[in-house]
Number of protein chains: 2
Amino acid sequence: MFFGENEPADYVYKVVASAVRTYKVLADGRRQIRAFYLPGDVFGLEANDTHTFSAEAIGDAKILVVKRSALMALATRENQVACELWSMTGQELRRVQDHILVLIKSAKERVVGFLLEMAERVPSGNHIDLPMSRQDIGDYLGLTMETVSRTLADLESGASIELASARRIVLYDRGALGRLNG
Amino acid sequence: MFFGENEPADYVYKVVASAVRTYKVLADGRRQIRAFYLPGDVFGLEANDTHTFSAEAIGDAKILVVKRSALMALATRENQVACELWSMTGQELRRVQDHILVLIKSAKERVVGFLLEMAERVPSGNHIDLPMSRQDIGDYLGLTMETVSRTLADLESGASIELASARRIVLYDRGALGRLNG
DNA sequence: CGACGCCTTGATAAATGTCAAACGTCGTGG
DNA sequence: CCACGACGTTTGACATTTATCAAGGCGTCG
């Protein structure tokens with residue numbers, strides 16, 4: 001675990017290997033996963049002084065760490081850097097907005113949207129190796145693990161994907177998936 | 001209507017009176033309302049060059065307009081301004097993250113969360129005057145208008161709120177509402 | 001007064017969640 | 001090397017939640 005909700009944001013992180021999830025846990029134990037960060041992604045950058053989410057590794061991740069204060073000092077001297085930071089937060093904002101868009105859709109659309117998002121972020125031919133569990137996917141999409149599993153099975157029976165193994169998914173028909181995505 | 005999705009972000013806006021909604025419309029006609037902006041709120045500020053949402057007035061709104069290029073020019077000269085803009089985008093990010101948190105909850109929790117959010121943003125004693133329709137609320141919460149209406153009726157029968165009129169809601173028991181909020 | 005828009009209410013259907021059991025896979029220890 | 005156990009996943013039966021479709025009510029404004 002890298003940091004917890006409401007802790008001071010002293011560092012900024014970059015994923016080198018494996019993956020990281022950021023999340024919140026509600027009072028009754030439900031967990032909402034806000035984002036998955038894959039190799040190359042930056043996380044933990046806050047415009048304000050505290051983290052709004054907890055972050056932890058999925059598997060044994062390799063991470064680069066930068067002191068936030070160093071970045072801030074640089075930003076107050078070089079406005080180029082300040083604008084860059086602003087732009088990164090803007091990108092994060094877009095990601096979250098896209099995530100919201102997913103959450104108002106049906107279970108099938110959510111799962112399809114998730115697959116397409118992952119496929120786009122990890123371009124490795126036409127298959128995806130998921131680093132996260134079904135429970136993680138469910139908490140990300142606002143669905144139960146069971147619904148995720150059933151929906152994947154359903155997509156497989158529609159010949160759009162193949163579940164080579166639980167964590168490896170082959171995308172056969174992106175056109176069909178795109179149409180299912182609403 | 002102030003601007004549409006994917007249009008160039010040439011201006012930044014501030015609500016003076018009434019309210020504004022930003023939204024996206026999906027291919028099949030479903031509408032997702034991303035935010036309501038109330039008097040005092042700023043909207044339309046983008047870190048990048050295009051808007052990601054459409055924006056339109058609810059009722060006849062009064063709005064202040066600022067050229068974005070002027071802001072950007074200021075930001076490249078005064079890093080204080082750049083940091084301020086970054087911070088505003090950060091606040092926006094938090095708002096959207098809170099919105100996500102609402103969307104994974106049950107209908108009752110969503111509506112309660114919405115009421116508490118509105119009550120916090122428009123502090124006017126213990127009642128709220130909603131500028132938006134039930135349909136708007138539904139599109140904001142990812143529910144149908146009917147479910148919103150039913151849930152409000154349900155809350156009223158639980159004596160937590162009173163529907164003085166369709167658009168005026170009196171909050172009787174914020175403690176109970178807070179508990180319902182999860 | 002009447003028409004129109006918005007809101008509420010009801011009956012029913014569809015989607016998703018819950019609980020429980022079976023299945024697979026992988027790593028460990030005999 | 002095989003058996004076992006732990007854990008993640010899948011599948012099934014059923015309950016619950018929410019959407020859909022349709023009708024009726026209420027308030028406002030011409």
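Scope of the values below: all heavy atoms of this structure, side chains included, with no hydrogens, waters or symmetry mates. Chain identifiers are assigned alphabetically (A, B, ...) following the order of the sequence lines, protein sequences preceding nucleic acid strands; residue numbering begins at 1 within each chain.
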Is [X] salt-bridged to [Y], going by a charged N under 4.0 Å from an acidic O?
X: A:Asp139; Y: A:Arg21; value: no
X: B:Arg30; Y: A:Glu109; value: yes
X: B:Asp129; Y: B:Arg167; value: no
X: A:Arg68; Y: A:Asp10; value: no
X: A:Arg150; Y: A:Glu146; value: no
X: A:Glu120; Y: A:Arg174; value: no

Given atom [atom1] of [X] and atom [atom2] of [N], what is their separation to the nearest angstrom?
X: B:Glu162; N: C:dT8; atom1: CD; atom2: C1'; result: 16 Å
X: A:Ile137; N: C:dG17; atom1: CD1; atom2: P; result: 14 Å
X: A:Gln135; N: C:dG17; atom1: CD; atom2: C1'; result: 13 Å
X: B:Leu163; N: C:dC6; atom1: CG; atom2: P; result: 18 Å
X: A:Leu180; N: C:dA15; atom1: CG; atom2: P; result: 14 Å
X: A:Asp139; N: C:dG17; atom1: CG; atom2: P; result: 11 Å
X: B:Asp154; N: C:dC7; atom1: CG; atom2: C1'; result: 17 Å
X: B:Lys105; N: C:dG17; atom1: NZ; atom2: P; result: 16 Å

What orientation do B:Phe36 and B:Tyr140 show, parallel under 30°, tilted 30 to 60°, or perpendicular over 60°?
->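 Ring orientation, 0 to 90° scale: tilted.
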Using 30° and 60° as the class limits, which term best fits the ring planes of A:Tyr13 and A:Phe43: parallel, tilted or perpendicular?
->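 Aromatic pair A:Tyr13/A:Phe43 classed parallel.
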For residues A:Glu162 and A:Tyr172, is any side-chain donor paired with an opposing acceptor at under 3.5 Å?
->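 Their side chains do contain a donor-acceptor pair, which is all the 3.5 Å distance test asks for.
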Starting the side chain at C-beta, find the nucleotide from [options] nearest to [X].
X: A:Ser149; options: D:dT11, D:dA19, C:dT8; value: D:dT11
X: B:Arg134; options: D:dT11, D:dA19, C:dC7; value: C:dC7
X: A:Leu143; options: C:dT16, C:dC7, C:dT9; value: C:dT16
X: B:Met145; options: D:dT9, C:dG17, C:dT8; value: C:dT8

What does [X] touch in the nucleic acid at a heavy-atom separation under 4.0 angstrom: a base, only the sugar-phosphate, or nothing?
X: A:Arg110; answer: nothing
X: A:Ser106; answer: sugar-phosphate
X: A:Leu152; answer: nothing
X: A:Gly142; answer: sugar-phosphate

What pairs of nitrogen or oxygen atoms, one from the protein and one from nucleotides 21-26 of chain D, lie under 3.5 Å apart?
{"unit_1": "D:dC21", "atom_1": "N4", "unit_2": "B:Glu146", "atom_2": "OE2", "d": "3.1"}

Do side-chain atoms of B:Ser18 reach the backbone of B:Ile58 as a donor and acceptor pair under 3.5 angstrom?
->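 A pair under 3.5 Å: yes.
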Would you say B:Thr147 reaches D:dA19's phosphate, i.e. side-chain N/O to OP1/OP2 under 4.0 Å?
->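 Yes.
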Starting from the first five and the last five pairs of the helix from C:dC1-D:dG30 to C:dG30-D:dC1, work out the angle between the resulting helix axes, to 10 degrees.
->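 Axis-to-axis angle, ends of the helix: 20°.
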